[in-house]
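What you see is a predicted model; the values in this text were computed from it and never measured.
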Amino acid sequence: MKQFFEFVSSFLVIALVLAGIAGLSWEFFRADGLFERIMGSVWEFELRQPLIAIPLTIGAIVLGRLWFQGRVTRGGKSFFPTLLMALLMAAGAYYIGYYLIIGSI
């Protein structure tokens, strides 16, 4: 039973982190997003959609490898990776909640 709860909790951590990466990527690369505000009107629509998928794909691959190797469930003692994981989980929870309440991102 303990293994089941560890599996579910690590799955939720992965899901929240990926949702956080996807939400932050969307905020950065969407129309009128942070990148477009910084770069101006040189930002093309054709580049926007693949650039949203690239950080999500890289994050999914890295987190998937860590998850299958068991590193996510063990936890770590260093502060920065734990803080980064917590911030991404918080962003993921925010974007999931925002999507459920508003219906779109």
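- Taken to the nearest 0.5 Å, the CZ atom of Phe7 stands 10.0 Å off from the CG atom of Leu12.
- Residues meeting the side chain to side chain contact (heavy atoms under 4.5 Å, CB included) test with Ile102, sequence neighbours left out: Tyr98, Ser104.
- Listed here is the closest heavy atom pair of Ile21 and Gly59: CD1-CA, 4.1 Å.
- Taken together through direct or relayed side-chain contacts under 4.5 Å among Ile, Leu, Val, Met, Phe, Trp and Tyr, Ile101 and Tyr95 form part of one hydrophobic cluster.
- With hydrophobic clusters built from ILVMFWY side chains whose heavy atoms lie under 4.5 angstrom apart, Ile61 does not share a cluster with Leu24.
- Between the CZ atom in Phe5 and the OG atom in Ser10 there is a gap of 13.0 Å [rounded to 0.5 Å].
- Among pairs with a residue in residues 8-20, none fulfils salt bridge (charged side-chain N to carboxylate O under 4.0 Å, His left out), at least two apart in sequence or across chains.
- Judged as a salt bridge (charged side-chain N to carboxylate O under 4.0 Å, His left out), the pairs with a partner in residues 16-28 (not counting sequence neighbours) are, in order, Glu27-Arg30.
- With rounding to the nearest 0.5 Å, the separation of CE in Met89 from CG in Leu18 is 12.0 Å.
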